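Counting convention: from 1, in listed order, for ligands and their atoms alike. From a predicted model like this one, the values you see are computed outputs, not experimental measurements. One is the number of the first residue; the rest follow in order along the sequence.
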Amino acid sequence: MHPKLITSPSNPIIKDIKSLDQRKRRKETGLFLVEGLRSVIEGMELGASLKYIAYHTDSKEKEDIKRCVSYCNNCGGLALEVNDLVLEKISRKDNPQSVIGVFEQKFHKLSEINKNDTNRSYIVLEQVRDPGNLGTIIRTIDAVGADGVILIDQCCDPYSVECIRATMGSTFSVPIFTATLDEFKSWAKDWTGDIIGTTLQSSIDFREVTPKKPLLLMMGNEQAGLSEDLRGIATTCIRLPMNGRADSLNLSVATGICLYALLEPWK
Ligand code: SAM
C-alpha cells in the first residue's frame, strides 16, 4: 500500500497514535510507540510487528525509510508521511524524532521458559514502579546477555513511552514475562539452579557468591524492597555493601552490579 500523506494533527489516525501515551489505550490496542529510526530498525531486525510508521515527508527518499515502509506493508501496517506539526504532536517535546513506529506488544508466560536449559538467567522484578528503572534494567539485561525479565504482580508498564525510551531499543531483544506472586512461587518450586534474592539485611556480600545455573535473580520494589514471600524461596540472599551514608542503591544500579558480578564468571 502507498504511504498516506497526513498534514493535520487532528487526523483520527494521528489522534489514535497519540493516545498510546495512555496505559489504558495501550492495554486495549496491544500496541506501543517507539521513537527514533534506530529503535524502529532494531524492532524490524528482530521481527516485531510494525503497525504504523510515521516519518517526515522530507525523508521519504532515504533508503532506511523505504525499508521501514516496505517492512510495515509486509506486516499489514500503514506508512504515514507527515509534516512537522504532526510529528510534534506524536513525538517527545524535548528531543522530537523524525520517525515514529507503532509496534505490537509481546508478553510471555512462565511456561515458555525451558527450566532444563542451564545456560539461562532471568531477572525477577517485584512490583517495579519506575518506568525509567524498568527500561534501564531491560537495556542492562540485553547488554549482559541475560535471557529475560519476569514482572511480578502490579508493575509499571514495560511499554510506556518512558520505559521504551530508557530501553534504547533493547525492548525487542529481551523477552518480558508476567506472573502473579502465587504463579511465580509455584512455578519456581522445581527450579534447578540458584534463586538469588537481594536485600539490605543479608550478611552475604555479592562477591562471595558463584551461582548455580540456571539463575533467577530477584530484585525488590523501590520502596518496600523484596517481600518476605520472595525472600522465602531464595536459595541465597546477597547484599551490596553500603559504605557511606546512603541506605540503599537505586534499583536499576543494584540490578546492573549484581548482573555483571553474577553472570560474568560464567562467560
Ligand atoms: N527500602 C528498601 C529496602 O528496605 O529494601 C530499599 C529498596 S531498594 C531502593 C530497591 C531494590 O534494589 C532492593 O529491593 C534490592 O533488590 C536492590 N538493592 C538496592 N540496594 C541494595 C543493596 N545495598 N544490597 C542488595 N540489594 C539492594
Side-chain angles (χ1 to χ4, degrees), residues 110 113 120-158 160 162-163 165-168 170-171 174-185 187-189 191 193-266:
L110 291 177
I113 293 178
R120 301 278 157 164
S121 50
Y122 297 89
I123 290 53
V124 180
L125 298 179
E126 186 177 31
Q127 301 201 19
V128 54
R129 288 288 147 78
D130 181 323
N133 276 342
L134 178 53
T136 305
I137 292 171
I138 289 173
R139 185 178 175 186
T140 310
I141 291 173
D142 183 14
V144 76
D147 298 286
V149 62
I150 300 174
L151 301 178
I152 305 292
D153 280 348
Q154 294 305 310
C155 289
C156 60
D157 183 359
S160 71
E162 297 82 356
C163 181
R165 275 179 199 155
T167 68
M168 297 290 291
S170 290
T171 190
V174 175
I176 299 170
F177 299 84
T178 53
T180 63
L181 180 63
D182 287 342
E183 282 165 355
F184 176 74
K185 277 169 51 188
W187 172 84
K189 267 184 189 142
W191 188 255
D194 269 328
I195 305 179
I196 299 210
T198 48
T199 64
L200 301 171
Q201 293 76 20
S202 170
S203 56
I204 302 173
D205 186 290
F206 72 110
R207 288 161 292 197
E208 290 168 24
V209 172
T210 307
K212 179 173 176 244
K213 302 192 273 185
L215 171 68
L216 293 175
L217 170 65
M218 303 190 296
M219 309 298 301
N221 164 270
E222 289 93 336
Q223 269 79 47
L226 198 64
S227 66
E228 282 300 328
D229 272 307
L230 289 186
R231 289 175 196 212
I233 63 163
T235 49
T236 313
C237 278
I238 55 171
R239 172 174 161 272
L240 299 151
M242 302 300 305
N243 299 323
R245 287 186 55 81
D247 59 5
S248 67
L249 283 156
N250 164 279
L251 168 63
S252 57
V253 171
T255 309
I257 296 171
C258 290
L259 270 176
Y260 273 93
L262 297 173
L263 297 190
E264 274 304 302
W266 292 357

Enquirer: Check whether any side-chain N or O of Glu222 sits under 3.5 Å from a backbone N or O of Asp130 as a donor-acceptor pair, and report yes or no.
Expert: yes

Enquirer: Would you please determine whether Asn221 falls within less than 4.0 Å of ligand 1 on a heavy-atom basis?
Expert: yes

Enquirer: Any side-chain donor paired with an acceptor under 3.5 Å for Asn250 and Ser252?
Expert: yes

Enquirer: Please could you name the atoms of ligand 1 that Leu240 approaches to less than 4.0 Å, counting only its heavy atoms?
Expert: 22 (C), 23 (N), 24 (N), 25 (C)

Enquirer: Could you tell me whether the side chain of Thr136 and the main chain of Thr167 form a donor-acceptor pair under 3.5 Å?
Expert: no

Enquirer: With heavy atoms of Leu251 as the reference, note each atom of ligand 1 found under 4.0 Å away.
Expert: 11 (C), 12 (O)

Enquirer: Using a plain distance cutoff, I'd like to know if Leu249 has any nitrogen or oxygen under 3.5 Å from a nitrogen or oxygen of ligand 1.
Expert: yes

Enquirer: Of the choices Leu226, Leu200, Val128, Thr199, which has the non-hydrogen atom that lies closest to atom 3 (C) of ligand 1?
Expert: Leu200

Enquirer: Counting each atom of ligand 1 from 1 as listed, which ones have a heavy atom of Met219 under 4.0 Å away?
Expert: 16 (O), 17 (C)

Enquirer: Is there a donor-acceptor pair closer than 3.5 Å between any side-chain N or O of Arg129 and the backbone N or O of Gln154?
Expert: yes

Enquirer: Taking Asp147 for its side chain and Tyr122 for its backbone only, find out whether a donor-acceptor pair lies under 3.5 Å.
Expert: no

Enquirer: With heavy atoms of Met242 as the reference, note each atom of ligand 1 found under 4.0 Å away.
Expert: 23 (N)

Enquirer: Donor-acceptor pair, distance only, cut-off 3.5 Å: does the side chain of Asp194 make one with the backbone of Lys212?
Expert: yes

Enquirer: Any non-hydrogen atom of Gln223 lying under 4.0 Å from ligand 1?
Expert: yes

Enquirer: Side chain of Arg207, backbone of Ala261: donor and acceptor closer than 3.5 Å?
Expert: no

Enquirer: Identify, by atom number and element, the atoms of ligand 1 in contact range of Thr198, meaning under 4.0 Å from any of its heavy atoms.
Expert: 15 (C), 16 (O), 26 (N)

Enquirer: Return the residue, atom name and 0.1 Å-rounded distance of the protein heavy atom closest to atom 5 (O) of ligand 1.
Expert: Gly225 CA, 3.3 Å

Enquirer: Which atoms from ligand 1 have a heavy atom of Arg239 less than 4.0 Å away?
Expert: 24 (N), 25 (C)

Enquirer: Quick one: does Asp153's side chain have a donor or acceptor within less than 3.5 Å of a partner on Leu181's backbone?
Expert: yes

